[in-house]
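Everything below concerns the one structure shown next.
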Amino acid sequence: MSYQADFLRALYRKMVTIRKFEEKIGELFLGGELPGFVHLYIGEEAIASGICSNLTDEDYITSTHRGHGHCIAKGANIKPMMAEIFGKKTGYCKGKGGSMHIADFSIGMLGANGVVGGGYTLAVGAALAAKMKKTRQVAVCFFGDGASNRGTFHEAINMAAAWKLPVIFLCENNQWASTTPYRTTTAVENIADRAVGYGIPSNIVNGNDVFAVYEAAKVAIERAREGGGPTLIEAKTYRIKGHFVGDPEMYRTKAEVQERFEKDDPLKNFVSDVLAKGWLKKAELDQIETKITEEVDAAVDSARKDPYPDDNELYSDLYVESEVNLRA
Amino acid sequence: MSYQADFLRALYRKMVTIRKFEEKIGELFLGGELPGFVHLYIGEEAIASGICSNLTDEDYITSTHRGHGHCIAKGANIKPMMAEIFGKKTGYCKGKGGSMHIADFSIGMLGANGVVGGGYTLAVGAALAAKMKKTRQVAVCFFGDGASNRGTFHEAINMAAAWKLPVIFLCENNQWASTTPYRTTTAVENIADRAVGYGIPSNIVNGNDVFAVYEAAKVAIERAREGGGPTLIEAKTYRIKGHFVGDPEMYRTKAEVQERFEKDDPLKNFVSDVLAKGWLKKAELDQIETKITEEVDAAVDSARKDPYPDDNELYSDLYVESEVNLRA
Amino acid sequence: MREITFSEATLEAMSEEMQRDEKVFVMGEDIARQGGIFGQFKGLPQKFGVERVIDTPISETAIVGAGIGAALAGMRPVVDMHFADFVGVCMDEVLNQMAKICYMFGGQCTMPLVMRAPDGIIRSAAAQHSQSLEAFFLHIPGLKVVIPSNTADAKGLLKAAIREDNPVLYFEHKALFPLKGPVPEGEFCIPIGKANIAKEGKDVTIISYSLMMHRALEAADKLAGQGISAEVIDLRTISPIDKETIFSSVAKTKRLVIVHEAVKTGGVGAEISALVAEEMIDYLDAPIKRLGAPFVPIPFSPSLERLVKINADQIVSAVEEICK
Amino acid sequence: MREITFSEATLEAMSEEMQRDEKVFVMGEDIARQGGIFGQFKGLPQKFGVERVIDTPISETAIVGAGIGAALAGMRPVVDMHFADFVGVCMDEVLNQMAKICYMFGGQCTMPLVMRAPDGIIRSAAAQHSQSLEAFFLHIPGLKVVIPSNTADAKGLLKAAIREDNPVLYFEHKALFPLKGPVPEGEFCIPIGKANIAKEGKDVTIISYSLMMHRALEAADKLAGQGISAEVIDLRTISPIDKETIFSSVAKTKRLVIVHEAVKTGGVGAEISALVAEEMIDYLDAPIKRLGAPFVPIPFSPSLERLVKINADQIVSAVEEICK
Ligand SMILES: Cc1ncc(C[n+]2csc(CCOP(=O)(O)OP(=O)(O)O)c2C)c(N)n1
Ligand SMILES: Cc1ncc(C[n+]2csc(CCOP(=O)(O)OP(=O)(O)O)c2C)c(N)n1
Ligand SMILES: [Mg+2]
Ligand SMILES: [Mg+2]
């Protein structure tokens with residue numbers, strides 16, 4: 001396998017942007033600057049980045065409560081993201097959504113979701129629309145190991161399988177659902193094993209290896225575009241950060257996590273891979289990283305300065321004017 | 001395999017009672033005597049009978065909209081069943097439930113259910129109670145092929161598997177969900193294939209062979225009682241009658257159904273089996289049948305004569321007096 | 001005017017809208033092969049193909065969720081609930097997704113989705129197949145809720161709902177499907193959010209909707225015989241409620257009775273009564289009466305089921321009580 | 001009297017009831033390892049073992065359904081909803097099973113099940129983690145609904161709920177958990193179905209519950225400064241509503257304001273207002289005022305979230321309006 005340098009740079013940019021963005025968010029939250037809750041994607045960057053590198057702006061994704069990484073990987077702009085997390089008027093959702101509800105419809109990012117398992121059926125619907133319109137678009141539904149126990153998982157995958165819809169179900173198995181370890185709530189070793197029950201293909205990949213994710217997604221997405229129906233992909237990873245920023249993490253030791261992260265950091269994995277293979281140079285990577293750090297800082301600066309929504313924004317966006325009403 | 005004559009007689013009694021009861025219900029409904037809807041179990045008698053012959057009155061079952069057969073097989077009395085279906089005061093539920101809501105808590109029959117897929121989680125709860133109380137009771141959840149696409153299927157089986165609860169999930173795959181053929185809504189050949197996704201054993205049996213059902217259930221129930229956790233059993237059968245009495249059945253030909261029934265009637269299968277093997281005599285079977293016909297007629301007679309609930313019954317049974325309130 | 005059934009009226013609405021806009025499609029259980037339990041989808045697959053009239057698995061959560069997703073991806077789905085009673089199965093999708101997405105995402109999208117839900121009591125369908133649950137949805141910002149009482153409204157409101165860019169719940173009473181009534185030829189929409197004065201009057205205002213409108217009109221006839229002139233308002237839309245029409249009627253009649261089949265406690269009647277008690281109390285010459293089902297699940301036995309249904313005589317009595 | 005937090009008060013209730021009756025157990029997400037998001041289950045697994053304090057999969061439907069099944073099989077489950085917002089996920093279980101089973105089956109069984117649901121606005125938790133949804137359940141016959149406003153009630157109502165043989169929904173406001181307040185030593189239950197006159201008064205009745213009781217009492221203090229004597233009623237139970245206490249207060253004060261954090265339209269206030277407008281209108285000297293959230297999903301930004309919360313000044317203004 002070999003990749004174009006441009007492609008690799010873009011991939012690195014995605015992953016580093018997620019990492020830097022999330023580190024900054026964690027810092028800001030602990031500093032008391034951010035309202036709401038935030039859930040960080042640090043340590044899982046390879047998954048969203050690997051998947052979304054196969055998608056165009058026409059394709060759809062649905063996301064989760066841990067959605068910043070999906071947004072960035074799908075191509076969202078970090079300025080309105082940051083502004084949204086600050087609750088500012090200039091945010092993607094004009095400050096109405098916040099961290100758990102960022103969407104960017106212009107790039108097919110159909111939204112983070114505060115309801116665990118709320119995204120499956122939306123992705124199925126988007127895929128159904130694509131199939132009806134014959135557009136060759138696909139939809140990717142990101143979900144966690146915890147979310148895999150919601151009934152929506154079952155209804156959505158069954159429907160997608162029965163109708164051969166172009167949707168990829170992408171399980172980010174980070175071993176934890178909040179404070180609850182994966183194997184205490186699920187009797188099966190791999191979520192991917194569930195594909196058998198729907199007659200669809202599945203794949204288990206190392207979620208900390210962006211190339212592995214990219215290649216698996218490529219096959220599944222190609223298949224979906226060609227009318228071959230859904231695939232269930234399970235990306236094995238580990239939740240490096242607390243469930244949310246501020247989580248006391250009484251349920252595991254810091255050492256355990258630190259060791260895991262040092263041994264298997266998707267970003268480090270990428271860097272050592274591309275350097276070892278001579279695909280990119282250290283200097284390039286550093287340059288990218290520096291630039292992104294600046295971008296993130298700039299996003300914070302402007303978000304800080306941006307105004308909060310005006311009071312009269314409270315009632316807007318609840319209903320849109322409809323054609324029929326205008327005519328009535 | 002060989003069976004005690006008493007056991008075989010009891011088995012036959014169950015199956016014939018279901019058949020005669022249901023034939024009578026169909027007749028009464030078409031005659032305009034019954035309120036509500038009725039869904040008949042004719043052609044599926046072997047399933048409930050085979051399963052429930054492994055259960056005691058302490059064990060639990062949850063049932064479906066097509067619940068008469070489950071009731072009878074679990075040991076319910078056909079008089080209060082018939083009265084309930086007539087909407088009479090003497091019915092199991094005092095006329096408040098009707099065909100779709102018959103229960104008999106004295107024998108662990110936790111109720112038919114008008115919500116397709118509503119029973120799974122109740123069975124899991126009953127099994128959880130049994131496990132907590134260490135009573136060796138088991139719960140059997142009956143459900144249809146159509147119901148297998150509800151999210152409750154997934155949540156219930158996953159929970160039962162993760163907690164190793166004594167519950168048997170018994171799919172009556174009669175190939176139809178109302179007017180919709182099984183394979184148009186489900187991409188997988190066998191519902192039983194889904195067991196893999198929960199790490200539990202499964203079994204596919206001929207649902208029209210009461211001995212096959214009985215033996216499969218025996219293994220699963222024994223396993224559950226011993227703490228081995230849930231099993232998913234799929235009993236393959238065919239819905240001989242319309243979805244409900246009065247169904248015009250535009251979606252299939254009468255001939256197709258008739259042929260199927262003539263070739264593979266669970267009751268006929270039983271009779272020819274036991275006669276061929278010399279386990280029971282024709283005369284005995286006839287005698288049982290005659291007696292049951294009389295019992296069913298008697299149930300109809302008394303249900304007809306029984307009174308409707310009084311107006312003041314409307315408000316009773318909504319709340320029970322609780323200890324705490326009495327003390328307050 | 002020509003007369004067709006309520007069911008046929010909804011079929012015309014579907015046909016015309018599916019013809020007009022190929023983004024409109026419908027999915028639900030047993031709607032293609034069977035044509036819907038009440039015949040309300042009959043013939044549509046023949047006209048538009050099973051790609052646009054889709055039989056689904058028994059997966060209400062996915063049906064509604066996929067409707068939402070398809071709406072976000074540019075389609076105009078109509079989803080069928082089979083029985084309104086099952087809306088609990090997909091309540092999260094209605095409450096937390098359908099109703100909130102547009103607002104939560106700052107108006108980035110529209111949600112042109114219609115959910116059809118047959119409701120109400122028929123023939124001892126019992127506790128899980130007889131409910132009228134519209135009141136829940138009044139309390140959920142982001143939804144619109146319509147509920148026709150007659151054939152013409154069935155058509156006009158359904159067409160309007162399908163053309164809305166906001167999510168609309170369309171409740172249709174099971175007992176109405178076979179009823180015949182006049183429906184104008186050709187296309188027409190009935191505006192969402194506007195109540196209809198079905199009968200003018202001056203002594204008392206009776207507000208109702210859906211099947212109960214028929215009882216209300218019956219009652220008004222009887223009352224006319226007694227010299228009481230009742231104004232009968234058909235809400236047509238439950239959310240947003242047409243306060244103006246209600247208030248001007250109450251200002252005129254000074255007496256108000258609200259009638260629905262749903263459980264009285266916490267029903268739509270409560271909101272209307274509260275609106276009037278808040279903004280129009282000085283106009284009132286009598287207590288505000290509400291008629292709705294007693295506080296019990298709907299019992300199966302005909303002898304009991306009968307007791308939870310409101311009849312015209314009860315409405316007459318309620319009016320008499322406040323008109324003496 | 002000793003002071004403990006609301007969270008600790010619920011813990012005492014749980015502990016005492018689990019001690020008293022081994023059939024009582026609790027299940028929900030992240031309650032054993034974490035002790036609940038708000039610490040409301042802390043220490044229970046150590047005392048009673050993880051067999052009776054059970055961490056579940058993320059499967060609200062199964063959590064509630066299994067609670068129902070366990071109740072039918074003789075246990076007394078307490079199930080935790082994590083956030084009240086997720087009740088839509090298991091709404092069918094609440095609406096069609098939990099509430100109806102005893103009635104539908106003619107009283108063959110009991111349903112000693114408690115569903116705990118943290119609700120309300122805290123710190124920009126946004127549209128899907130801030131709702132107050134109690135009004136839905138007022139409209140569902142077969143349920144009881146309690147909603148404490150303070151530490152002592154938190155304990156007494158939870159104990160009463162656990163001892164009930166009927167299904168009880170127990171809503172606990174997230175912002176209340178850390179609040180300290182006096183709680184009597186020893187065991188006590190607070191009867192379900194009885195409202196509490198938190199402050200006597202004669203000029204106006206303010207009815208509220210949950211967190212908003214604190215605003216109502218603040219407002220009453222301010223009003224006292226202006227010479228207006230407000231009677232403040234804490235409903236404690238939403239269903240069944242304590243009509244007697246409400247009616248006798250209104251008979252005395254002749255003025256009524258109802259306050260809740262939930263969306264005003266279709267909220268609990270509507271039912272109370274309608275009850276009074278139906279049975280007590282002749283006593284009233286002024287319109288019935290309702291204060292509740294505006295008709296929008298709860299927005300994230302602090303600048304907007306603030307606008308959907310009711311404060312004491314708004315209550316004061318509402319009272320002033322009807323007391324002039
Ligand atoms: C329906 C629902 N139930 C519970 C929650 C609370 N909750 C938020 S995140 C979470 C854990 C999710 O675990 P997983 O799906 O594995 O995703 P991860 O956080 O590991 O990325 C829980 C229980 C919720 N938001 N929605
Ligand atoms: C949640 C829900 N959705 C839809 C229905 C309507 N309905 C009743 S029976 C049925 C078909 C059930 O098929 P299956 O589970 O295979 O059982 P069978 O009737 O074949 O025994 C449907 C769709 C319902 N009662 N509940
Ligand atoms: Mg996880
Ligand atoms: Mg079937």
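Proteins come first, then strands; the chains are lettered A, B, ... in the order of their sequence lines, and each starts at number 1. Because the structure is a prediction, the values reported are computed rather than measured.
- For the options B:Ile102, B:Thr152, B:Asp104, heavy-atom pairs under 4.5 Å to chain D are most numerous at B:Asp104.
- Comparing B:Ala130, B:Gly97, B:Ala126, B:Ala162 by heavy-atom pairs within less than 4.5 Å of chain D, the highest count is held by B:Ala126.
- Atom NZ of B:Lys79 sits in a sparse spot, with 12 or fewer heavy atoms from other residues, nucleotides or ligands closer than 6.0 Å.
- Interface remark: D:Met111 contributes no atoms to any contact with chain B (heavy atom separation under 4.5 Å).
- Remark: the backbone N or O of B:Val115 is not paired with any side-chain donor or acceptor of D:Gln97 at under 3.5 angstrom.
- Heavy atoms closer than 4.5 Å to chain D are found in the backbone of B:Ser316, but not in its side chain.
- Contact of B:Ala127 with chain D is not made at all, since no heavy-atom distance falls under 4.5 Å.
- For the atom pair CG of B:Asp317 and CE of D:Met104, the computed distance is 12.5 Å after rounding to the nearest 0.5 Å.
- Under the 4.5 Å side-chain criterion, counting only non-hydrogen atoms from C-beta, D:Ile63 is in contact with B:Met159.
- B:His101 contributes atom NE2, which lies 12.0 Å from atom OH of D:Tyr103 (distance to the nearest 0.5 angstrom).
- For a residue to count as touching a neighbouring chain, one of its non-hydrogen atoms must lie under 4.5 Å from one of that chain's; by this rule D:Glu51 touches chain B with the backbone only.
- In terms of heavy-atom proximity, D:Ala73 sits nearest to B:Ala129 at CB-CB, 3.6 Å.
- The part of D:Glu60 that comes within reach of chain B is its backbone (N, CA, C, O), which places non-hydrogen atoms under 4.5 angstrom from that chain.
- Of the inter-residue distances, the one linking B:Thr62 atom OG1 with D:Ile68 atom CD1 reads 12.0 Å to the nearest 0.5 angstrom.
- Put simply, the side chain of B:Tyr319 never gets that close to the backbone of D:Asp165: no donor and acceptor are under 3.5 Å apart.
- Looking at heavy atoms from C-beta onward, B:Tyr315 lies out of side-chain contact with D:Pro141 at the 4.5 angstrom threshold.
- Closest heavy-atom contact between D:Leu72 and B:Phe105: CD2-CE2, 3.6 Å.
- B:Met132 places a side-chain heavy atom less than 4.5 Å from the side chain of D:Arg52.
- The shortest side-chain heavy-atom distance between D:Pro57 and B:Glu155 does not fall under the 4.5 Å cut-off.
- No more than 12 heavy atoms of other residues, nucleotides or ligands sit less than 6.0 Å from atom CD of D:Glu22.
- Below 4.5 Å, heavy atoms of chain B meet no heavy atom from residues 145-157 of chain D.
- Around CD of B:Glu33, the count of heavy atoms belonging to other residues, nucleotides or ligands within 6.0 Å exceeds 12.
- Contact annotation for B:Tyr60: only side-chain heavy atoms (C-beta onward) come within less than 4.5 Å of a heavy atom of chain D.
- Within the 4.5 Å cutoff, the side chain of D:Ile101 has heavy atoms near those of the B:Leu122 side chain.
- Both the backbone and the side chain of B:Leu314 come within contact range of chain D, each with at least one heavy atom under 4.5 Å from a heavy atom of that chain.
- B:Lys133 touches chain D through its side chain: at least one heavy atom from C-beta onward sits under 4.5 Å away, while N, CA, C and O do not.
- With a 6.0 Å radius and a threshold of 12 heavy atoms from other residues, nucleotides or ligands, D:Glu244 has its CD atom at or below the threshold.
- Both the backbone and the side chain of B:Ala103 come within contact range of chain D, judged by heavy atoms closer than 4.5 Å.
- Counting only heavy atoms from C-beta outward, the side chains of D:Met27 and B:Leu128 approach each other to under 4.5 Å.
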